[in-house]
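This report refers to the structure that appears directly beneath it.
Sequence lines set the chain letters: A, B, ... in the order given, protein chains first and strands last, and positions in each chain run from 1. Any value given below was found using the heavy atoms of this structure, including those in side chains, with hydrogens, waters and symmetry copies removed.
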Amino acid sequence: MIQITQVTDVVRKYTDEIGEEDVGKKIRLCGWVHEVRDHGGLVFVILRDREGFIQVTLPKKKVKPEVFKRAKKVHRESVVEVIGTVKAEPKAPGGYEVIPEEFKVLNEADAPLPLDVAEKVPAELDTRLDHRFLDLRKPRVQAIFRIRHCMLQSVRNFLCEEGFIEVNTPKIVSTATEGGTELFPISYFEKEAFLNQSPQLYKQVLMGAGLERVFEIGPIFRAEEHNTVRHLNEAISIDIEASFVDHEGVMRVLEKLVSRVYEDVCEKCEKYLNWLDVKLDVPEVPFERISYDEAIEIASKKGESIPWGEDISTTALKLIAEELPEHYFIVDWPTKSKPFYAMPYEDKPEVCKSFDLMCGYLELASGAQRIHFYDKLVERIRECGMSPESFGFYLEAFKYGMPPHSGWGLGADRLLMSILKLKNIREGVLFPRDRNRLIP
RNA sequence: GCCCGGGUGGUGUAGCCCGGCCUAUCAUGCGGGCCUGUCGAGCCCGCGACUCGGGUUCAAAUCCCGACCCGGGCGCCA
């Protein structure tokens, strides 16, 4: 790694890089004061950086008086730079400690802190989110985002290997695209515009453009006033669209992707999983597939009946999850319960080639084979009570050679939530946006 | 949006049902003191709080009404 700041000739080490080879050598440590344990003539400063902790030990008689004095007075969470000698010490946590010759307070932290980074006293999620930068200093919280990083990298790697091209579509759009969800209106010079609810229409247009396989990882915005542990008003969606592939084809991509993410997280994030005390089992593919009819049958037997054609209620999904606690697909949904672009079966048009990927009761993804015929699409838009005129640029792409195609959208925040069994989706989002939260 | 539960020092809590003994508990933190092997350091001293507005009452953290905020469930959400 490039040493970005060359403050001294002494090499900077992360706390987890210190080992036998460093014993007796001089190193530079940069980080935050996690705790100070002052024994009078002997002071322990626990220094924390991105990768962990190291004990800086200051015996009064073995360090410079000003260094000793500074360490004794330093506040928790102050930023410090320590230059010192590594010593193997069985009594030190981790087996190594650093005896400082320099102890610089680069920036003193105010006291008291708005929340306890050392986690001796818990803080409520709301308090934590109000002071998120401090909350994020907790190793357990940071672990979530290190795993999130790994997850997204895994998704990119996998999709690239499968021949998908990463694209970026606009988030500011002109029309209330697909119906259904509420949109956030914004002003766009003299025009009215909206924040996009999904890249759906654009990724389909890219099928018309002949890119054949695309994916996008980007934000989606939904102005629904939902107030649950699994909904956000700004979320990150992982979307794919693929040409000359049916719904079953993209389901296979999806289940393989999910299993690949688990593999990569297990392999590369052992340390962070340990910090979180999470043990992962890589889910086996293929995932179980049940039809919509079978799903509502299970719910019905457990006392929650869903009229055919309706969406499956949360209560019903929780009952189904009792039978299917892990990953499974619900396939063959009623056409009227899905958006206009889902392809109905030729022989049974009331059912469409669509699917939801579930993890227990949590919906992770939904997708379908799309209608690729212009006339059929216009007909469905009308049937759904919308006006084809408002779909100008989208519909045009279907007139001049649109291949058959399928795709899905997978909620990145939900995927992380399901992997780490987070109780609240906000835990896995740096700065969540919900019905009430716009700051920070 | 609806239903339930809640709002007490910087943080997390006890007290509320059954109003007065609350000058409000405990922990952590913060300030000061002692201490050379801590690892949730220990010991001693100190600091710091009843969400806001109305009402009932001799008396309100406690009961009632309203507002705001939070948590959970549901709804909404392809």
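- With hydrogens and angles ignored, no donor-acceptor pair closer than 3.5 Å exists between the side chain of A:Glu124 and the base of B:U11.
- Of the side-chain N and O atoms in A:His231, none sit less than 4.0 angstrom from OP1 or OP2 of B:G72.
- Nearest nucleotide to the A:Thr228 side chain, out of B:C74, B:G72, B:A41: B:C74.
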A correct 5'-to-3' footprint of nucleotides 42-50 of chain B, with B, S and - meaning base, sugar-phosphate only and no protein heavy atom under 4.0 Å, is ---------
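- Taking atom C1' in both B:C18 and B:U62, one finds a spacing of 10 Å when rounded to whole Å.
- If you take atom P in B:G7 and the same atom in B:C64, they sit 13 Å apart, rounded to whole Å.
- Each of B:G37, B:U38, B:C30 was ranked by its minimum atom distance to the side chain of A:Ala111; first place goes to B:C30.
- Taking only side-chain nitrogens and oxygens, A:Thr127 comes nearer than 4.0 Å to OP1 or OP2 of B:G12.
- Considering only side-chain N and O atoms, A:Lys120 lies under 4.0 angstrom from the phosphate OP1 or OP2 of B:G29.
- Proximity of the aromatic rings of A:Phe355 and A:Phe329 is defined here by a centroid distance below 6.0 angstrom, and this criterion is met.
- Comparing B:U8 with B:G48, their C1' atoms sit 13 Å apart, to the nearest whole Å.
- Nucleic acid contact class of A:Glu363 (heavy atoms, under 4.0 Å, all strands): none.
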Next on the checklist: Go through it in stages, so that I can follow the logic: the residues are A:Ser237 and A:Asp239, the test is side chain to side chain donor-acceptor pair (under 3.5 Å), and I'd like the CA-CA distance, side-chain angles, deciding distance and then a yes or no.
Outcome noted: CA-CA 6 Å; A:Ser237 177; A:Asp239 268 89; 2.5 Å; yes
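- With P as the reference atom, B:G54 and B:G10 are 23 Å apart, rounded to whole Å.
- One P atom belongs to B:G40, the other to B:C35, and the distance between them is 24 Å to the nearest Å.
- Going from the C1' atom of B:C70 to that of B:U11 covers 16 Å, rounded to whole Å.
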Going 5' to 3' through nucleotides 1-6 of chain B and flagging B where a protein heavy-atom sits under 4.0 Å of the base, S where only the sugar-phosphate is that close, and - otherwise, we get B-----
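- Ring to ring, A:Phe340 and A:Phe391 are close: their centroids are under 6.0 angstrom apart.
- Taking 3.5 Å as the limit, the base of B:A78 and the side chain of A:Ser337 contain no donor-acceptor pair of atoms between them.
- Comparing the C1' positions of B:C50 and B:G9 gives a spacing of 10 Å, expressed to the nearest Å.
- An OP1 or OP2 oxygen of B:C35 is reached within less than 4.0 angstrom by no side-chain nitrogen or oxygen of A:Lys60.
- Counting only heavy atoms from C-beta on, A:Asn436 has its side chain closest to B:C70 among B:C74, B:G12, B:C70.
- Where A:Asp311 and A:Lys61 meet RNA chain B, the nucleotide closest to each residue was compared, and A:Lys61 sits on the side nearer the 5' end.
- At the heavy-atom level, A:Val229 lies under 4.0 Å from the strands shown only through sugar-phosphate atoms.
- For A:Arg230, the listed nucleotide lying nearest its side chain is B:C74; candidates were B:U38, B:C74, B:G37.
- Which of B:G75, B:C70, B:G12 sits closest to the side chain of A:Asp126 comes down to B:C70.
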